[in-house]
Amino acid sequence: MPPMAALYCPAAAAAAAAASSPSLSSFASPSPSPSSDRARASTFSLAFGLRAKPAIPATTFGRPGGIVAPRSPIRCAVSIEKETPETERPETFLREADGGGNGAAAAVAPSSVRARFERMIRDAQDRVCEAIEAADGGGKFKEDVWSRPGGGGGISRVLQDGAIWEKAGVNVSVVYGVMPPEAYRAAKGVASDHKPGPVPFFAAGISSVLHPKNPFAPTLHFNYRYFETDAPKDAPGAPRQWWFGGGTDLTPSYIFEEDVKHFHSVQKNACDKFDSSFYPRFKKWCDDYFYIKHRGERRGLGGIFFDDLNDYDQEMLLAFATECANSVIPAYIPIIEKRKDTPFTEEHKAWQQLRRGRYVEFNLVYDRGTTFGLKTGGRIESILVSLPLTARWEYDHKPEEGSEEWKLLDACINPKEWL
């Protein structure tokens, strides 16, 4: 999840795709939502942090009963100010009305969901980066801070070529923007006689991808985000909307069943604190989303994934997103500590590089955040920070049946219940 790419708005993505890339309909990502009614009702989902979640087809959103994108020409689906480099980290990226600055609103708004979510993702960024540096034992994150004149900004942190991590990115973004009425109506999926003006929105998120060097140590991705439209409640055709999205998933090159079970058990425990239906629902959603259609296989061994979540109490969902973000370190770092020094051969490394190639294919072809960021002029270094430092492609490579490599591929083709 990158500054500008930090935000994924299916509505805007579809509008942009309809105007500029009708041929992209074949790239629609699989239908992740377990509820087509909820998918149609939601305005748009955002995938934040480093990777804006992206461009969906010109014809539908790639969900059951997908929404037909408008065909009218739209030059810019989302309006967001260009970022300005900063030399220091601000205390908050919020506008004064939301709790930023030192005005009277600052004393009132820190209790808002916007303010608390920003605090949560920035705390999570600090904790995850500290844990990664401690495990690496030498590597340090490079930090870039940016802001926008009208409010919003972000912090991009990347550790590259460390002792343990080949590349680790942990980004946070807070974005204020405007989406055109065409994008809003596309997201709603219904015709309306009302033609609302541009719809302001707010989006904040954290996104991270961690690629270790050792082929026996797994890659991790996590992303948690919050989105609001800012339209007045009485604006015709544009009611106020909000939702949460995110997830955490594991992508190993070799299966250690105890590691995968540990990872999934931490995700399940986080889910079960709020609703026992969450883990099975979000585990399947994750398996369905991270699917490389042209390969017929998943990117990795899953975890949890959810989007457009707003049919529960807002306070409960804020607490749930916080619990999930806080679960990243206990789910992942113990696995890294166990596997980071495992001896490996050139053959093991070559297989890891091939699996990294699959990671690249998914991110550049199907990941909605990455493609959306590329199409809307986002900060390229932040958008592509999710890609590994190295990868490999071999012609018609097939692992020997029964080998450890084959077992991993089989689990990616046929998702398993790990718990």
side-chain hydrogen bond (donor to acceptor under 3.5 Å, both in side chains) partners of Lys140, counting only residues at least two apart: none
Residues Arg358, Glu297; criterion side-chain contact (heavy atoms from CB on, under 4.5 Å); working and verdict: CA-CA 9 Å; Arg358 299 292 200 268; Glu297 64 191 63; 3.0 Å; yes
Minimal non-hydrogen separation, Ile121 against Gly205, with atom names: CD1-O, 3.5 Å
Between Tyr359 and His221: side-chain donor-acceptor atoms closer than 3.5 Å: no
Between side-chain atoms of residues 412-419 and protein atoms elsewhere (two or more places apart, or another chain), which donor-acceptor pairs fall under 3.5 Å?
{"unit_1": "Asn414", "atom_1": "ND2", "unit_2": "Asp410", "atom_2": "O", "d": "3.4"}
{"unit_1": "Asn414", "atom_1": "ND2", "unit_2": "Asp410", "atom_2": "OD1", "d": "3.0"}

Can you list, pair by pair, the side-chain donor-acceptor contacts under 3.5 Å of residues 320-327, counting residues two or more places apart and other chains?
{"unit_1": "Thr322", "atom_1": "OG1", "unit_2": "Leu318", "atom_2": "O", "d": "2.8"}
{"unit_1": "Glu323", "atom_1": "OE2", "unit_2": "Lys273", "atom_2": "NZ", "d": "2.8"}
{"unit_1": "Asn326", "atom_1": "OD1", "unit_2": "Arg127", "atom_2": "NH2", "d": "2.3"}
{"unit_1": "Asn326", "atom_1": "ND2", "unit_2": "Thr322", "atom_2": "O", "d": "3.3"}
{"unit_1": "Ser327", "atom_1": "OG", "unit_2": "Glu323", "atom_2": "O", "d": "2.7"}

Looking at Phe263 versus Tyr332, is the centre-to-centre ring distance below 6.0 Å? no
Got a salt bridge between Arg116 and Asp123, using NZ or NE/NH1/NH2 to carboxylate O under 4.0 Å? no
Can you classify the ring geometry of Trp285 versus Phe305 as parallel (below 30°), tilted (30 to 60°) or perpendicular (above 60°)? perpendicular
Donor-acceptor pair, distance only, cut-off 3.5 Å: does the side chain of Arg298 make one with the backbone of Asp287? yes
Please enumerate all residues that pass side-chain hydrogen bond (donor to acceptor under 3.5 Å, both in side chains) together with Asn214, with sequence neighbours excluded. none
side-chain hydrogen bond (donor to acceptor under 3.5 Å, both in side chains) partners for Trp393, two or more places apart: Glu361
How many angstroms lie between CG in Leu317 and CZ in Phe117, if you round to the nearest 0.5 Å? 11.0 Å
Is there a donor-acceptor contact under 3.5 Å linking the side chains of Thr248 and Tyr224? yes
Would you say the ring centers of Tyr312 and Phe278 fall short of 6.0 Å from each other? yes
Heavy-atom side-chain proximity of Ile383 to Leu374 below 4.5 angstrom: yes
How far apart are the C-alpha atoms of Ile155 and Glu143, what are their side-chain angles, what is the distance that settles it, and do they pass the side-chain contact (heavy atoms from CB on, under 4.5 Å) test? CA-CA 7 Å; Ile155 302 170; Glu143 178 177 279; 3.6 Å; yes
Take atom NZ of Lys268 as the centre, draw a 6.0 Å sphere, and report whether it contains more than 12 heavy atoms from other residues, nucleotides or ligands. no
Does the side chain of Thr390 come under 3.5 Å of the side chain of Gln353 through a donor N or O and an acceptor N or O? yes
Of all heavy-atom pairs linking Ser253 and Leu408, the shortest is O-CG, 3.3 Å
On a heavy-atom basis, which atom in Pro212 and which in Ile336 lie closest, and how many Å separate them? CG-CD1, 3.9 Å
For this output row, return yes or no: ring centroids of Phe244 and Tyr226 closer than 6.0 angstrom. yes
I would like to know whether Lys407 and Glu404 meet salt bridge (Lys or Arg N to Asp or Glu O under 4.0 Å); could you show each step before the answer? CA-CA 5 Å; Lys407 291 176 184 177; Glu404 293 303 311; 3.1 Å; yes
The test is side-chain contact (heavy atoms from CB on, under 4.5 Å); show your working for Phe93 and Val145 and say whether it passes. CA-CA 11 Å; Phe93 289 107; Val145 181; 4.1 Å; yes
What verdict does the side-chain contact (heavy atoms from CB on, under 4.5 Å) test give for His294 and Tyr366, after you've listed the backbone C-alpha separation in whole Å, the side-chain angles of each residue and the deciding distance to 0.1 Å? CA-CA 10 Å; His294 61 270; Tyr366 298 109; 3.0 Å; yes
Between Asp144 and Lys142, is the closest basic N to carboxylate O distance under 4.0 Å? yes
Could you check whether Asp367 and Tyr289, counting side-chain N and O atoms only, form a donor-acceptor pair closer than 3.5 Å? yes
Less than 4.5 Å apart, any side-chain heavy atom of Leu309 and any of Phe282? yes
Taking NZ, NE, NH1 and NH2 as the nitrogens, is one of them in Asp136 or Lys340 under 4.0 Å from a carboxylate oxygen of the other? no
To the nearest 0.5 Å, atom CG of Asn269 lies from atom SG of Cys271 at 9.0 Å
Check whether Asp98 reaches the backbone of Leu94 with its side chain - one donor and one acceptor, N or O, closer than 3.5 Å. no
Cation-pi between Arg281 and Phe306: NZ/CZ under 6.0 Å from ring centre and within 45° of the ring axis? no
Looking at Gly153, is its backbone amide N or carbonyl O close enough to the side chain of Glu83 to form a donor-acceptor pair, meaning the two atoms are under 3.5 Å apart? no
For Glu405 versus Pro399, what's the shortest heavy-atom pair and its separation? CB-CB, 3.8 Å
With a 4.5 Å heavy-atom cut-off, do Arg95 and Phe202 have their side chains touching? no
With heavy-atom distances below 4.5 Å as the criterion, would you say the side chains of Pro252 and Leu301 are in contact? yes
Looking at every non-hydrogen atom in both residues, tell me the closest pair between His262 and Pro334 and how far apart they are. NE2-CG, 4.1 Å
Distance alone, cut at 3.5 Å: any donor-acceptor contact between the side chains of Thr84 and Ser147? no
Could you check whether Lys213 pairs with Asp161 (Lys NZ or Arg NE/NH1/NH2 to Asp/Glu carboxylate O, under 4.0 Å)? yes
List in chain and number order the residues that pass salt bridge (Lys or Arg N to Asp or Glu O under 4.0 Å) with Glu118, two or more places apart in sequence or in another chain; answer none if no residue qualifies. Arg122
Would a 4.5 Å heavy-atom cut-off, applied to side chains only, mark Phe201 and Val178 as touching? no
Can you measure from CG (Asn363) to CZ (Phe290) and round to the nearest 0.5 angstrom? 8.5 Å
Are any of the side-chain nitrogens in Glu166 or Arg356 under 4.0 Å away from the carboxylate oxygens of its partner? yes
Compare every heavy atom of Gly303 with every heavy atom of Cys286, then report the nearest pair and how far apart it is. SG-N, 3.5 Å
Distance only, no hydrogens: is a donor on one side chain within 3.5 Å (strictly under) of an acceptor on the other, for Gln241 and Thr229? no
Lys167 and Pro388, any side-chain heavy atoms less than 4.5 Å apart: no
Is it true that Asp259 and Arg339 make a salt bridge, defined as a side-chain N closer than 4.0 Å to a carboxylate O? yes
Count the heavy atoms belonging to other residues, nucleotides or ligands that lie under 6.0 Å from CD of Glu91, then report whether that count exceeds 12. no
For the atom pair CZ (Phe362) and OG1 (Thr370), what is the distance rounded to the nearest 0.5 Å? 8.5 Å
Arg148 NZ/CZ over Tyr176 ring centroid, <6.0 Å and within 45° of normal: no
Residue pair Leu210 / Ile132, side-chain heavy-atom distance below 4.5 Å: yes
Look at the side chain of Gln352 and the backbone N and O of Pro218, then say whether any donor-acceptor pair between them is shorter than 3.5 Å. no
Glu133 side-chain N/O to Phe141 backbone N/O, donor-acceptor pair under 3.5 Å: yes
Side chains of Val209 and Leu220, heavy atoms from C-beta outward: is any pair under 4.5 Å? no
